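To start, the structure itself, in structure tokens.
Whatever order the structure lists them in is the order used to number ligands and atoms, beginning at 1. Keep in mind that this is a model prediction, so the values were computed, not measured.
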Amino acid sequence: MLKFDVVVVGAGAAGLSCAAEAGQAGLHVLLLDHAERLAEKIRISGGGRCNFTNRDAGPGNYLSDNPAFCRSALARYPARDFIALLQKHGIGFHEKHKGQLFCDEGSERIIQMLVDECAAGQVERWQPCRVEQLDVIDGGFSLQTSRGLVEARRLVVATGGLSIPKIGATDWGLALARRFGHAIVEPRPALVPLTFDPATWAPFAELSGLSLPVKVSVGSGKARTSFLEDLLFTHRGLSGPAILQISSFWTPGQALEIDLAPEQDLAALLLAAKAQSKRKLGNELAALLPQRLAVTWLARSGLDAEKPMPDFKDKDLQALARQLHQWQLMPNGSEGWRKAEVMRGGVDTRELSSQTLQSKRQAGLHFIGEVVDVTGWLGGYNFQWAWASAAACARGI
Ligand code: FDA
């Protein structure tokens with residue numbers, strides 16, 4: 001039987017960085033993971049380039065039933081700390097869009113950096129390795145694993161969220177939290193494409209592959225949330241950054257409103273065109289929107305695309321503009337865990353210390369990363385939470 005100061009379960013983004021920092025602080029650390037391959041979600045992230053943080057990450061970029069919880073960890077490990085780590089390793093990066101930082105050499109380089117950091121902390125890594133039984137013992141935990149019995153003073157749960165089960169996601173961390181009496185904020189897929197009932201979607205399915213900048217919104221009044229980003233039509237529904245972002249805020253039964261021309265005043269432009277030209281409506285609209293969208297939209301609107309602009313009543317053109325600026329859609333669901341980038345919900349943070357991520361129900365037990373009810377927007381925020389919660393935990397052990 002081997003004794004460690006800390007056992008970290010889950011060698012993804014949060015587990016690797018927590019193990020490295022705890023090891024480098026002089027603790028004897030075991031990091032174990034049941035998957036064959038290391039850190040698959042880092043590998044596939046950011047289209048293989050890993051959007052490893054967001055320069056502007058702050059508490060306002062996260063969803064949680066307890067929104068203030070993430071404040072402390074994010075303040076003590078801001079994006080610049082992870083940037084400094086890359087610079088220490090001589091890793092190049094670039095900013096793409098809205099503070100999103102990507103690795104020049106690809107995701108693999110980030111994984112190697114974290115492995116090197118673990119080696120610098122003499123972290124022992126067992127992979128693949130399953131936890132078969134876990135017991136609380138005097139002064140810590142005993143774990144029967146597929147590679148033998150271990151004991152540790154501290155147990156860090158870094159098993160991530162439920163998205164993409166085929167690369168290793170499990171509900172082990174959530175089940176363990178429940179076993180110790182923790183409440184779980186209902187997990188649901190987030191940063192996920194949305195789907196529509198096939199009959200409603202049929203006219204738009206032919207637009208699959210079309211992308212355009214939109215403003216997408218859900219909710220009303222103070223609860224209204226909007227994103228100005230690109231939208232992508234798919235065979236079954238909508239995707240692209242705009243939809244992934246809004247999906248985290250969307251609840252089943254809620255309508256989406258999409259402004260398909262957020263930078264333009266379509267009513268004014270169509271009325272001006274009517275006054276100035278005899279061109280057909282189809283041609284005029286195709287000059288304002290992507291042509292495929294203009295054709296599909298007019299085909300289902302009942303307006304004759306071949307009719308010259310002066311033959312339309314102002315109110316018809318105004319109504320057309322209004323429909324394009326306020327397209328109301330009712331998703332029937334999402335693409336689910338198979339396609340979601342992250343899990344919304346998780347271990348309720350009201351029973352965790354915001355300083356150390358330690359359970360208030362079981363001394364020595366910590367939860368970090370995505371298993372915790374802190375979910376970032378699209379754009380590097382989820383990794384930033386993984387690094388920040390890992391650092392807070394490692395420093396608090
Ligand atoms: P993570 O999922 O990284 O690690 C959990 C680990 O626990 C895994 O290695 C798993 O095998 C292991 N595990 C699970 N159950 C276990 C068990 N029972 N026993 C042992 N081990 C177990 N975020 C971002 O900020 N920028 C980006 O570019 C992207 N891109 C992106 C693309 C795609 C396709 C996805 C699916 C996700 C992203 N994300 C992202 C989200 C990001 O990958 C995610 O939030 C972090 O990896 C979460 O880090 P964790 O360490 O908490 O979990």
Side-chain angles (χ1 to χ4, degrees), residues 7-20 30-54 57 61-62 79 82 93 96-97 99-103 106-107 110-111 114 125-132 134 143 145-147 155-176 189-193 239 241 244 248 335-344 346-347 357 366-390 393:
V7 172
V8 180
V9 182
L16 279 162
S17 52
C18 180
L30 171 65
L31 173 61
L32 62 87
D33 197 297
H34 73 146
E36 292 283 339
R37 295 188 76 192
L38 180 63
E40 276 288 67
K41 282 199 185 158
I42 300 181
R43 186 169 292 106
I44 62 174
S45 66
R49 292 220 164 263
C50 188
N51 176 196
F52 59 82
T53 192
N54 193 297
N61 304 112
Y62 294 86
F82 197 76
F93 59 91
K96 255 197 186 162
H97 173 64
Q100 300 167 9
L101 301 184
F102 289 77
C103 181
S107 311
I110 300 285
I111 299 174
L114 294 169
R125 181 158 60 87
W126 295 357
Q127 187 166 6
C129 176
R130 284 186 325 278
V131 180
E132 289 163 350
L134 190 149
L143 291 89
T145 78
S146 51
R147 296 202 187 183
L155 175 65
V156 179
V157 178
T159 46
L162 297 177
S163 65
I164 326 229
K166 77 168 186 220
I167 58 168
T170 72
D171 68 351
W172 188 87
L174 298 176
L176 187 82
L191 300 183
V192 64
S239 186
L244 299 186
S248 300
E335 293 280 4
W337 296 117
R338 204 172 50 86
K339 288 274 180 77
E341 285 203 6
V342 292
M343 170 177 84
R344 195 168 165 190
V347 179
L357 286 293
H366 300 247
F367 293 89
I368 60 171
E370 200 181 310
V371 74
V372 174
D373 172 35
V374 174
T375 308
W377 292 7
L378 184 77
Y381 302 102
N382 285 295
F383 279 135
Q384 184 55 34
W385 170 247
W387 321 133
S389 59
C393 173

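For the pair Asn51 (side chain) and Leu101 (backbone), a donor-acceptor distance under 3.5 Å is present.
For ligand 1, the polar-atom distance check finds no N/O of Ser163 at less than 3.5 Å from any of the ligand's N/O atoms. Taking distance alone, with nitrogen or oxygen atoms compared against 3.5 Å, Cys50 stays at or beyond that limit from ligand 1. For ligand 1, the polar-atom distance check finds no N/O of Ala39 at less than 3.5 Å from any of the ligand's N/O atoms. No N or O atom of Ser45 sits closer than 3.5 Å to an N or O atom of ligand 1. Here's the thing with His34: one of its N/O atoms is less than 3.5 angstrom from an N/O atom of ligand 1. In terms of polar-atom proximity, Ala14 is counted as a contact of ligand 1, with an N or O under 3.5 Å from an N or O of the ligand.
Nearest to atom 42 (C) of ligand 1 by heavy atom, out of Trp337, Trp385, Phe52, Phe383, is Phe383. With distances taken over non-hydrogen atoms, the option nearest atom 6 (C) of ligand 1 out of Asp33, Val371, Thr53, Ile44 is Asp33. For the residues Val131, Thr170, Leu38, the heavy atom positioned nearest atom 15 (N) of ligand 1 is part of Thr170. Residue Gly168 holds the heavy atom nearest to atom 14 (C) of ligand 1 of all those in Gly168, Cys103, Gly10.
Listed by chain and residue number, Trp126, Pro128, Cys129, Thr145 satisfy the side-chain contact (heavy atoms from CB on, under 4.5 Å) test with Arg147 (two or more places apart in sequence, or in another chain).
Classified by interplanar angle (parallel below 30°, tilted 30° to 60°, perpendicular above 60°), the ring pair Trp387/Phe383 is parallel.
The distance from the CG atom of Asp33 to the CD atom of Gln127 is 4.5 Å, given to the nearest 0.5 Å.
When heavy-atom distances to ligand 1 are checked against a 4.0 Å cut-off, Asn51 comes that close through both its backbone and its side chain.
Arg43 CZ: more than 12 foreign heavy atoms inside a 6.0 Å radius.
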